[in-house]
Amino acid sequence: MSYAALLLAFGASVIGGICGIGGGVIIKPVLDMIGFASVSAISFMSSCTVLSMSLYNVGRSFAQKSKALEKGKSDALAVSAALGGLAGNATFKALKAAMANDRVIGASQSILLLILVLGTLLYTINKKRIQPKPTDSKMACGVIGLLLGAVSSFLGIGGGPFNLVVLHYFLGYETKKAVENSLYIILLSQIANLLLSVLTGTVPAFRPSSLLLMIFGGITGGIVGKAISRKLDGDTVDRLFIGLLALIILICVYNTRKYLLG
């Protein structure tokens, strides 16, 4: 089972590195589907895997002085996403304490993710007919980052596919620029998320060997995904993204039914 998680983390991180979604949006629902661990443990392990992948990709972008990461806007997005990550983490823990039922929490996450991914798919299919409303306001960037970080942290997916939609519509970013900024948002939000769990002593019980293998898969997948991404154009990335969204929707439907009906 641990090696299956390694392969999943690797494959998800390859795709996540190409599409800018972090890979957690694949890892989390798939591990939920197979009942790999508790909802809390899966969210934590998924976040750690995404953190490792995004650390590599963002580090490479900074080392290469990528023009996709703008000092003002990108930093405002990422720093506010870190604050959003803390808010999302706190909301998840409050819901868990109130419900004390993994099935209710899992169903809530699956339904919200299903709604967001379905909206993202519809937007992406019609993107060429939608006129973006870009803003240069750092305050607006801060609000956008805050919301993206909070939702991704609550869902335990590290980074959502909806990042690309929001960055395209509100900031006018083309696909590859949106990918790099999405990974930067994911990185800081997951660092904040992990630190909060460690400092408050709320790290769930998990299998260390499985987490180490998943992190290894996340890093190596990030390396491969970054290499492939450089060879693809924006339209190809969009097509891959649409196929991935359709798959995630099917998994979310299955997970929602499983949690609600048993």
Side-chain angles (χ1 to χ4, degrees), residues 1-50 53 88 91-92 95-96 99-125 148 150-165 182 186 190 204-207 210-211 213-214 217-218 221 225 238-262:
M1 187 70 81
S2 293
Y3 288 102
L6 166 64
L7 293 175
L8 173 62
F10 174 79
S13 295
V14 170
I15 298 171
I18 295 171
C19 297
I21 60 173
V25 73
I26 307 169
I27 296 170
K28 172 68 167 61
V30 171
L31 292 183
D32 279 340
M33 183 173 67
I34 64 176
F36 183 77
S38 69
V39 171
S40 298
I42 290 173
S43 293
F44 178 78
M45 295 168 76
S46 173
S47 293
C48 289
T49 304
V50 170
M53 184 279 290
T91 302
F92 174 80
L95 181 64
K96 181 175 173 59
M99 297 296 183
N101 186 321
D102 264 10
R103 288 180 61 183
V104 173
I105 298 169
S108 300
Q109 288 180 315
S110 293
I111 292 170
L112 178 57
L113 182 58
L114 174 61
I115 293 169
L116 291 172
V117 173
L118 183 59
T120 300
L121 176 61
L122 293 174
Y123 181 95
T124 305
I125 291 173
L148 292 177
V151 172
S152 295
S153 181
F154 173 76
L155 293 174
I157 59 174
F162 35 84
N163 285 16
L164 302 190
V165 166
S182 175
I186 291 166
Q190 290 316 298
F206 62 90
R207 283 173 278 184
S210 295
L211 178 59
L213 286 171
M214 288 175 67
D238 281 341
R239 286 193 292 272
L240 176 62
F241 187 52
I242 289 171
L244 177 63
L245 292 175
L247 175 62
I248 294 169
I249 287 171
L250 293 176
I251 294 173
C252 286
V253 170
Y254 176 87
N255 285 341
T256 300
R257 183 182 182 279
K258 183 184 77 168
Y259 282 123
L260 293 178
L261 303 179

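This is a predicted model, so every value here is computed, not measured. No hydrogens, no waters, no symmetry mates; every other heavy atom, side chains included, goes into these values.
- When side chains are defined from C-beta on, S210 counts as touching F36, because their heavy atoms get closer than 4.5 Å.
- Between the side chain of Q190 and the main chain of C48, no donor-acceptor pair closer than 3.5 Å is present.
- Across every non-hydrogen atom of T120 and T124, the tightest pair is O-OG1, 2.7 Å.
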Test F92 against S40 for side chain to side chain contact (heavy atoms under 4.5 Å, CB included), laying out the working first.
CA-CA 9 Å; F92 174 80; S40 298; 3.9 Å; yes
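- The CZ atom of R103 lies 10.0 Å from the NZ atom of K258; values are rounded to the nearest 0.5 Å.
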One pair to check against side chain to side chain contact (heavy atoms under 4.5 Å, CB included): K28 and I42. What are the steps and the verdict?
CA-CA 6 Å; K28 172 68 167 61; I42 290 173; 3.4 Å; yes
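- Contact detail for G218 and S13: the closest heavy-atom pair is CA-OG, 3.2 Å.
- Closest heavy-atom contact between I18 and G225: CG1-O, 3.5 Å.
- Counting heavy atoms from C-beta outward, Y259 and D32 have side chains that approach closer than 4.5 Å.
- Contact of the I15 side chain with the F241 side chain is not registered, since no non-hydrogen atoms from C-beta on lie closer than 4.5 Å.
- With contacts defined as side-chain heavy-atom distances shorter than 4.5 Å, the pair S152/V50 does not qualify.
- Remark: L244 CG to R239 CZ distance equals 15.0 Å, nearest 0.5 Å.
- Between S43 and Q109 there is a side-chain heavy-atom pair separated by less than 4.5 Å.
- Looking at L155 and L116, their side chains come closer than 4.5 Å, going by heavy atoms from C-beta outward.
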Full working for side chain to side chain contact (heavy atoms under 4.5 Å, CB included) between T91 and L95:
CA-CA 6 Å; T91 302; L95 181 64; 5.6 Å; no
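- In this structure, the side chain of N255 engages the main chain of P29 through a donor-acceptor pair within 3.5 Å.
- For the pair L31 and I27, the minimum side-chain heavy-atom distance is below 4.5 Å.
- Counting heavy atoms from C-beta outward, S110 and Y254 have side chains that stay 4.5 Å or more apart.
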